[in-house]
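Only one structure is covered here, and it is reproduced in the block below.
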Amino acid sequence: MALTSSAPTDAPGAGDPRRPGASRPARTRRGGATAAGAAGWLLVPGGLLTLTVILVPFTVALVMSLLDLDQYTFRQWLSAPFVGIGNYTEALSRTSLPHAIGVSASAAVIATLLALPLGVAAALTTHLPFRGRALIRSLYLIPYVLPAFVVGTIWRIILQPDGVTNRSLAALGVDGGLWLNGPKSYLVLILVQAWSGWPLVYLLALSGLQNIDDSLHEAAALDGAHWRAKLRHIILPLLRPPVSLAAIISLLHMVNSFTLPFVLFGVPSPHDVEVLPVLTYVESFQNLRFGLSAAMAVISLVLILVPLLAYLRTVRLDAPEATA
């Protein structure tokens, strides 16, 4: 007689969800859906903030740029004459917008190129511990923490015809001339922007230096590498990502800088330093051409998107694995 044995269906622990290995698919799916819903609700405040701060003003500016909006039609601006791309055509052909774009872009690029070696050199000098390092690091950050209004005011006082700069040059027998007007004003714009922007490069380069593994320095020392070889083959290659990020952020900030040139040179600015943000301000709040100034703002946004996309690529926010 064959003996067959089968586990009783009512054996203790057979259907117990607390038993190891027991599966609870329904509850797991329900828990996953609940977690996904909770995560979705967490995105609501950020989405509302983005909608309020970015999308709504951009939509309003885009609509304004398509209207003939001035001091006469501003109160009923939704019924202002529709001109389409007329404001864009006028901005590019009958205003100094192309010149302002050239001044803003060239000054920002040159100032960024000047700020990069200054920031990296400052990071290298304060990376290793020494007495008074905390004080030196704090002093390096002064140009960065000062408001742009204060920086512009200080440099405007220094560069006055009877200011510190011209008096110091006169003591050496050199006539300084005008610094805030004429061809020298472009040089002043570059130098002041570089002076206020290099601490950002310093901070990111210093963080990059602190992330370099000590074993690399030890291996280079065992191989008898000179400090120049270490700098060229170890330090600078590993600093490339943070320094590249600092360069892009500095470029974006300098191209879009309004307060510093506004305070430094006044309004209307001299032709040599007529940057894009100040020109947009003049067309809007002095000439009261709101539609034209909105078109200039949209054009500046398109121009800023070029380094901004490079910035996003640098921090890998648009990488495929980031969305996987």
Side-chain angles (χ1 to χ4, degrees), residues 52-54 56-58 60-62 64-65 69 87-88 91-92 95-115 142-159 179-181 184-201 246-308 311:
T52 304
V53 176
I54 298 178
V56 172
F58 174 73
V60 173
L62 188 61
M64 290 176 60
S65 68
L69 199 62
N87 286 326
Y88 295 93
L92 293 172
T95 67
S96 57
L97 179 64
H99 169 74
I101 293 174
V103 171
S104 298
S106 61
V109 170
I110 298 174
T112 301
L113 293 177
L114 291 176
I142 289 178
Y144 186 67
V145 299
L146 287 177
F149 180 84
V150 177
V151 173
T153 302
I154 292 174
W155 280 101
R156 186 178 179 88
I157 295 173
I158 293 174
L159 297 172
W179 294 96
L180 302 176
N181 201 350
K184 291 182 181 180
S185 59
Y186 181 72
L187 177 62
V188 169
L189 176 64
I190 293 173
L191 294 179
V192 175
Q193 283 188 332
W195 182 84
S196 62
W198 72 265
L200 175 63
V201 182
I248 295 171
I249 296 177
S250 298
L251 187 64
L252 285 172
H253 175 72
M254 293 177 186
V255 168
N256 205 33
S257 177
F258 167 78
T259 306
L260 187 59
F262 177 83
V263 176
L264 191 58
F265 304 105
V267 175
S269 301
H271 182 72
D272 296 278
V273 288
E274 190 177 31
V275 294
L276 181 56
V278 175
L279 177 64
T280 305
Y281 169 85
V282 170
E283 290 293 339
S284 180
F285 295 102
Q286 289 194 350
N287 298 337
L288 302 180
R289 296 290 307 277
F290 304 108
L292 181 61
S293 64
M296 291 180 176
V298 173
I299 292 174
S300 66
L301 177 62
V302 173
L303 294 175
I304 290 174
L305 281 178
V306 177
L308 180 60
Y311 164 73

Is any side-chain heavy atom of Pro277 closer than 4.5 Å to a side-chain heavy atom of Ser104?
yes
Under 4.5 Å between any side-chain heavy atoms of Asn287 and Leu292, yes or no?
no
Would you find a donor on one side and an acceptor on the other, under 3.5 Å apart, between the side chain of Trp155 and the backbone of Gly152?
no
Donor-acceptor contact below 3.5 Å, side chain Ser284 vs main chain Tyr281
no
Residues 251-264, side-chain donor-acceptor partners within the protein, below 3.5 Å, at least two apart:
none

By side-chain hydrogen bond (donor to acceptor under 3.5 Å, both in side chains), Ser65 pairs with (sequence neighbours left out) Tyr88
Using the ring pair (Phe, Tyr, Trp, His ring centres under 6.0 Å) criterion, which residues pair with Trp179? Sequence neighbours excluded.
none
Are the side chains of Val188 and Phe265 in touch, meaning some heavy atoms are under 4.5 Å apart?
yes
All N/O donor-acceptor pairs, side-chain side in residues 297-305, below 3.5 Å, sequence neighbours left out:
unit_1	atom_1	unit_2	atom_2	d
Ser300	OG	Met296	O	3.4
Ser300	OG	Ala297	O	2.6

Any salt bridge (charged side-chain N to carboxylate O under 4.0 Å, His left out) pairs touching residues 271-298, not counting sequence neighbours?
Glu90-Arg289
Just to verify, what does Ile190 make a side-chain contact (heavy atoms from CB on, under 4.5 Å) with, not counting sequence neighbours?
Ala107, Ile110, Ala111, Leu114, Tyr186
Distance from Leu180 atom CG to Ser269 atom OG, nearest 0.5 Å?
11.0 Å
Should Leu288 and Phe290 count as side-chain neighbours, where that means a heavy-atom distance under 4.5 Å?
yes
Taking side-chain contact (heavy atoms from CB on, under 4.5 Å) as the definition, give me every residue that meets it alongside Ile157, ordered by chain and number, with sequence neighbours left out.
Thr153
Using modelled atom types only, decide if a donor and an acceptor are shared between the side chain of Ser106 and the backbone of Gly102 within a distance under 3.5 Å.
yes
